[in-house]
Amino acid sequence: MKPAKQQRSRTKFIFITGGVLSSLGKGLAAAAIGALLESRGLKITFQKLDPYINVDPGTMNPFQHGEVYVTDDGAETDLDLGHYERYTSVSLGQRNNYTSGRIYHTVISKERRGEYLGGTVQVIPHITDEIKKAVRQLEDEVDVAIVEIGGTIGDIESLPFLEAIRQLRTDLGRENTIYIHVTLVPYIKTAGEVKTKPTQHSVKELRAIGIQPDILLCRTETTLSDELKDKIGLFCNVERDAVITARDVDDIYEVPLCFHAEGLDDKILKLLNIWTGAPRLEPWQELVAKIKNPIREVPIAIIGKYVELKESYKSLHEALVHGGVANDARVVLHYVSAEDIEAQGPSQLLAHCHGILVPGGFGGRGVAGKIMAITHAREQKVPFFGICLGMQLATVEFARNIAGLADADSTEFNPGSPHPVIYFIKEWYDYRTSRVQIREESGELGGTLRLGSYPCTLREKTFARAAYGVEQVDERHRHRYEFNNEYRERLVEAGLVISGTSPDDKLVEIVELADHPWFLGCQFHPEFKSRPMRPHPLFAAFIKAALDHQG
Ligand code: GLN
């Protein structure tokens, strides 16, 4: 006989909302809370609920939304999931990121199938029930689930999510749910003091929809005095020791330590009635010490299209920092516009950099400049790291300038190229599902990408193998185009090293140049798997090569 299903879930929920304005670092706060709870031995997970109507962020312009973060299972998610994974040991996926669009999509599909039996389908209860179902999927697997609501209190769009989390306290019980509100306590220069009014208003708004926050995380430039905490606590109906200063820090990896110093994790555990031992924070202390006191510095150039908006290269930026940590070095990043390189040539713009990185990207803008940067790195023997589009363009550059294939190109930019060294592959064998995957050129937008984790076998005596130190790895993908095997022999004969392939040898995953201090392009996105405590091997090796180049 099967044991009766337990009535109460063992999972406790932390709901995080944001007030006053966006960009207060709610995602980082959620990640840091996760880090603290994990350091106390608790099993945790995360979820991000985004109020916008896009079904997922896959089709969104990185200018508007920042990076699209890809998980092992191939979900295209909000960049906050990147923070969650980097700060903890969790592995996230499809069920850890929901948008309004995705929730509505499910409800509308059900309605079309007649599953509501003729009833009127409404925001409450149908949309809210679907949201609660999404949240409660996390039940029973972890001790604590941290659920972050995107957007700011007061947005029309986020109301169904807020109503759903309000109901969840009744459904799950007071001891199993807490609400943390991230707010701003600005310093007003002319008055020479910090102001609590925006926080009061934001909490008032939250209470108007039935949510009384248990903890306030107050973003501020300085430390809040006890007096101010008293005031905020009184006006917002929050216990005094639940008013937490979240002051600006020099480095994002200091946040867990600052929260701990403010007593945040103790307060959370008390409210949730969880007993744990003391947190083990030494790894965080060591990390911060390393980041703050590097032995050396090394300038690295990132050649991009969205150089104005660093949010679109979030994981890449972090992975480079981690690569620096692995080498006791501070990586100084220079975002160089590919179009500037095209206009001015690479020599001057890249002269001071000891490593050149061409990241992933879509569309033809800036491609010519990126190729010029790759030629520069190859000829001047500057360490080069090409990621996804960067790998594809390194292949194109090599084909054109070394293998003598003039006009070689990716069919993404030149469908009529006489030498399509990067092309649209129609089918491939998927090891995850043990099935042949078909790519449709005319499929729904985004439906034709190779997404998520795939295995890659590494050849001996290559940069890749030396960096990873193992024969097989799994890395995450997000691209439509692939290396064209028809040109493989020709390019290899000309000196291109193919150091990583799919286990059946059909998909080229990594290319290198032998006659170079470090030149590597990979079809996957290694930046998604780098964590500060476990810097990604390719980033560590790239930064090491850049340091050697600097001498
Ligand atoms: N645009 C290229 C492709 O779709 C590369 C994508 C990327 O860099 N993520 O294959």
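Whatever order the structure lists ligands and atoms in, that order sets their numbers, starting from 1. Values below: every heavy atom of this structure, side chains too, minus hydrogens, waters and symmetry copies.
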Does some side-chain heavy atom of His334 sit less than 4.5 Å from a side-chain heavy atom of Cys353?
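In contact.
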Just wondering, do Leu507 and Gln523 contact through their side chains at under 4.5 Å, heavy atoms?
no
Please list the nearest protein heavy atom to [atom] with its residue and the distance rounded to 0.1 Å.
| atom | answer |
| --- | --- |
| atom 7 (C) of ligand 1 | Cys388 SG, 2.9 Å |
| atom 4 (O) of ligand 1 | Arg480 N, 2.9 Å |
| atom 10 (O) of ligand 1 | Tyr481 N, 2.8 Å |

Report, in ascending order of atom number, the atoms of ligand 1 lying under 4.0 Å from any heavy atom of Glu412.
1 (N), 2 (C), 3 (C)
Within 45 degrees of the axis of the six-membered ring of Tyr454 and under 6.0 Å from its centre: does Arg450 put its NZ or CZ there?
yes
Would Arg490 and Tyr487 count as a cation-pi pair here, with the cationic atom under 6.0 angstrom from the ring centre and within 45° of the axis?
no
Are more than 12 heavy atoms, taken from residues, nucleotides or ligands other than Lys133, located less than 6.0 Å from that residue's NZ atom?
no
Do other residues, nucleotides or ligands put more than 12 heavy atoms under 6.0 Å from Gln344 CD?
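Atom CD in Gln344 is packed in, count exceeds 12.
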Gln523 N/O under 3.5 Å from ligand 1 N/O
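Gln523 vs ligand 1: no N/O contact under 3.5 Å.
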Gly360, any N or O under 3.5 Å of ligand 1 N or O:
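In this structure, Gly360 places no N or O atom under 3.5 Å from an N or O of ligand 1.
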Checking side-chain hydrogen bond (donor to acceptor under 3.5 Å, both in side chains) between Ser315 and each of Lys529, Glu67, His525, which is the one that passes?
Glu67
Below 4.0 Å, non-hydrogen atoms only: which portion of Glu482 touches ligand 1? Side chain, backbone, both or neither.
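Near ligand 1, Glu482 shows nothing, with every heavy atom at 4.0 Å or more.
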Nearest to atom 5 (C) of ligand 1 by heavy atom, Pro359, Gly361, Gly363: which?
Gly361
Ignoring hydrogens, just give me the one of Arg478, His477, His479 whose non-hydrogen atom is nearest atom 9 (N) of ligand 1.
Arg478
